Amino acid sequence: QWQLAESGGGLVQPGGSLRLSCTAPDLTLANYAIAWFRQVPGKEHEGVACISSVAGTTHYDDSVKGRFAISRDYAKNAVNLEMNNVKPEDAATYYCAAVSACHALGNRYTGWGQGTQVTVSS
C-alpha cells in the first residue's frame, strides 16, 4: 500500500506557526484529494484539513478553521499544511493521506506513514 511522507514537525510555542509538508515519490498528489490527520496517544486519527483533487476546494475541522491552511505545491508534488496561532491542543502526530473525497476521510487510498510530531510548548 502506498504511503505518503510527512515532514516539518517540531517544537512550536503557543501562538506560533509551523509548516508541515506531505510528499509522495511514487504518487502524483494532484490526482487525489489529500487530507491531513492528527493523532494523540490513545485516540483515533482525526481529520483536520483536506483539499480536493480537481477544484482544490479546502475543508477544515472546526478546531483549526481560521488558523490552518492546506495548499498544494504542484512543482514539488506536495501538499502543505500551514499551522498558525498554534494552540496546546494542536500537539499531536500529523499524518497525510490520499482519500477518495474530502467528505469521506475514512476511505483512504494510502496507508499511514511515519507522521511528523508537533509539540506545543513555551
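All figures in this text were calculated on a predicted structure; none of them were measured in a lab. For the single chain, residues carry numbers from 1 onward in sequence order. Basis for what follows: all heavy atoms, side chains included, without hydrogens, waters or symmetry-related copies.
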Please report whether the ring centroid of Phe37 lies less than 6.0 Å from that of Tyr94. no
Nearest-0.5 Å distance, CD of residue Gln39 to CD of residue Glu46: 10.5 Å
Test side chain to side chain contact (heavy atoms under 4.5 Å, CB included) applied to Trp36 and Val79, step by step: CA-CA 9 Å; Trp36 279 95; Val79 173; 3.9 Å; yes
Check the side chains of Gln117 and Thr93 for a donor-acceptor pair under 3.5 angstrom, ignoring hydrogens and angles. yes
Say whether, by atom type as modelled, one donor and one acceptor occur between the side chain of Arg72 and the main chain of Leu29 under 3.5 angstrom. yes
Output the distance between atom CD (Gln114) and atom OH (Tyr95), rounded to the nearest 0.5 Å. 8.0 Å
Quick one: does Glu6's side chain have a donor or acceptor within less than 3.5 Å of a partner on Thr116's backbone? no
Distance-only side-chain donor-acceptor flag, Ser63 / Arg38, under 3.5 Å: yes
Quick one: does any side-chain atom of Ser52 pair with a main-chain N or O of Ala33 as donor and acceptor, under 3.5 Å? no
Indicate yes or no for a side-chain donor-acceptor contact from Asn77 to the backbone of Pro25 under 3.5 Å, with no hydrogens or angles considered. no
To the nearest 0.5 Å, tell me how far Cys22 SG sits from Asn80 CG. 9.0 Å
With no hydrogens and no angle check, is any side-chain donor or acceptor of Asp73 less than 3.5 Å from a backbone partner on Lys76? yes
Trp112 backbone acceptor or donor facing Gln3 side chain under 3.5 Å: yes
Tyr32: which of Leu27, Val99, Thr110 passes side chain to side chain contact (heavy atoms under 4.5 Å, CB included): Leu27
Between Asp90 and Lys87, does any NZ, NE, NH1 or NH2 come within less than 4.0 Å of an OD or OE carboxylate oxygen? no
Kindly compute the distance separating CD1 (Ile70) from CE (Met83), expressed to the nearest 0.5 Å. 12.0 Å
Using every non-hydrogen atom in the two residues, find where Leu105 and Cys50 come nearest and quote the distance to one decimal. CD2-SG, 4.0 Å
